[in-house]
Amino acid sequence: MSNSGSEVFETNLGWVGLINGETGLQCLYLKPRVEDIVPLLDKFEQYNSYSPLRCDEIKNRIFQYIDGQLDSLEQIQLDLRNTTPFVAAAWVACRTIPLGETRTYGWLAAAAGSPLAARAAGQAMARNRFSLVIPCHRVVGSNGKLTGYGAGGLRVKSRLLEMEQIYIQNT
């Protein structure tokens, strides 16, 4: 389904909603229920530079990634405006975590330029408006255990990491 600059579709991980603008992806949310997507997209209604062609390309990349046919979503350009410099730095750093690997919030804080800000790095991941594209599912607690995942819970986070391991083994 698609309306007023947004695209919403179902995957085997849940529902995805996205808005893509002239300067890059504005948001991409993964949620268990479609009802959880619509209010999130409504926050971005001010973006009128929607491009169906570019949304279709992103949608295809998401399906390829979920189906284990694509190892990265790095080629998707993000619009990181309207966020703080630290959150943007944490999001950029998160995108450097290799497929199938994990890093701690402490590592992420250091990579974002603030080594003592592990808690703030966790908050940056909690605010991630680019599910899958910014792979916050690869960020774990200091003890190596999986921690919260707003895009469907720990089951989805674990499934994404397993899916990436299978991709690595098959290539």
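Since the structure is predicted, the reported quantities are computational estimates derived from the model, not experimental observations.
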State yes or no: do [X] and [Y] share one hydrophobic cluster built from I, L, V, M, F, W and Y residues joined by side-chain heavy-atom distances below 4.5 Å, directly or via other members?
| X | Y | result |
| --- | --- | --- |
| Ile168 | Met163 | yes |
| Val92 | Leu132 | yes |
| Trp107 | Val87 | yes |
| Tyr149 | Leu161 | no |
| Val140 | Ile97 | no |

List the steps and the verdict of side-chain contact (heavy atoms from CB on, under 4.5 Å) for Leu70 and Gln75. CA-CA 11 Å; Leu70 186 67; Gln75 51 288 59; 4.1 Å; yes
For the pair His137 and Tyr65, name the ring-plane relationship: parallel under 30°, tilted 30 to 60°, perpendicular over 60°.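 Geometry flag for Tyr65 against His137: tilted rings.
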Donor-acceptor check, side chain of [X] to backbone of [Y], threshold 3.5 angstrom: yes or no?
| X | Y | result |
| --- | --- | --- |
| Asn128 | Ile134 | yes |
| Arg103 | Arg138 | no |
| Glu164 | Gly100 | yes |
| Lys31 | Gly150 | yes |
| Thr83 | Leu80 | no |
| Thr11 | Leu13 | yes |
| Gln77 | Thr23 | yes |
| Asn143 | Lys145 | yes |

What are the two closest heavy atoms between [X] and [Y], and how far apart are they?
| X | Y | answer |
| --- | --- | --- |
| Ala118 | Ala109 | N-CB, 3.6 Å |
| Thr147 | Gly141 | CG2-N, 3.8 Å |
| Ala112 | Ala89 | O-CB, 3.6 Å |
| Ala93 | Leu108 | CB-CD1, 3.8 Å |
| Arg129 | Tyr29 | CB-OH, 3.3 Å |
| Tyr167 | Gly68 | CD1-O, 2.9 Å |

Quick one: do Asp36 and Arg33 make a salt bridge, cutoff under 4.0 Å?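 The answer is yes: the pair qualifies as a salt bridge.
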Strictly below 4.0 Å, N to O, side chains only: are Lys59 and Glu57 in salt-bridge contact?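 Not counted as a salt bridge, because no side-chain N and carboxylate O are separated by less than 4.0 Å.
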Less than 3.5 Å apart, any donor N or O on the side chain of Gln123 or Tyr105 sitting next to an acceptor on the other?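 The answer is no; no qualifying pair exists.
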Return the [atom1] to [atom2] distance between [X] and [Y], rounded to the nearest 0.5 Å.
| X | Y | atom1 | atom2 | result |
| --- | --- | --- | --- | --- |
| Ile19 | Asp79 | CD1 | CG | 11.5 Å |
| Ile58 | Asn20 | CD1 | CG | 3.5 Å |
| Asn60 | Cys55 | CG | SG | 11.0 Å |
| Asp71 | Glu74 | CG | CD | 7.5 Å |
| Leu41 | Gln26 | CG | CD | 11.5 Å |
| Leu30 | Ile37 | CG | CD1 | 7.0 Å |

Audit row: Cys27, Leu18, side-chain contact (heavy atoms from CB on, under 4.5 Å) steps and yes/no: CA-CA 5 Å; Cys27 64; Leu18 67 89; 5.8 Å; no
Full working for side-chain contact (heavy atoms from CB on, under 4.5 Å) between Leu28 and Val16: CA-CA 7 Å; Leu28 186 145; Val16 173; 3.9 Å; yes
Heavy-atom side-chain contact between Leu25 and Val133 under 4.5 Å: yes
Do Trp15 and Phe9 have ring centroids that are under 6.0 Å from one another?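 They do not qualify: ring centres at least 6.0 Å apart.
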Run the side-chain contact (heavy atoms from CB on, under 4.5 Å) test on Met125 and Trp91 for me, step by step, so that the C-alpha distance in whole Å, both residues' side-chain angles and the decisive distance to 0.1 Å come before the verdict. CA-CA 7 Å; Met125 294 301 98; Trp91 288 351; 3.5 Å; yes
Other residues, nucleotides and ligands only: do more than 12 of their heavy atoms fall within 6.0 Å of CD on Glu101? yes
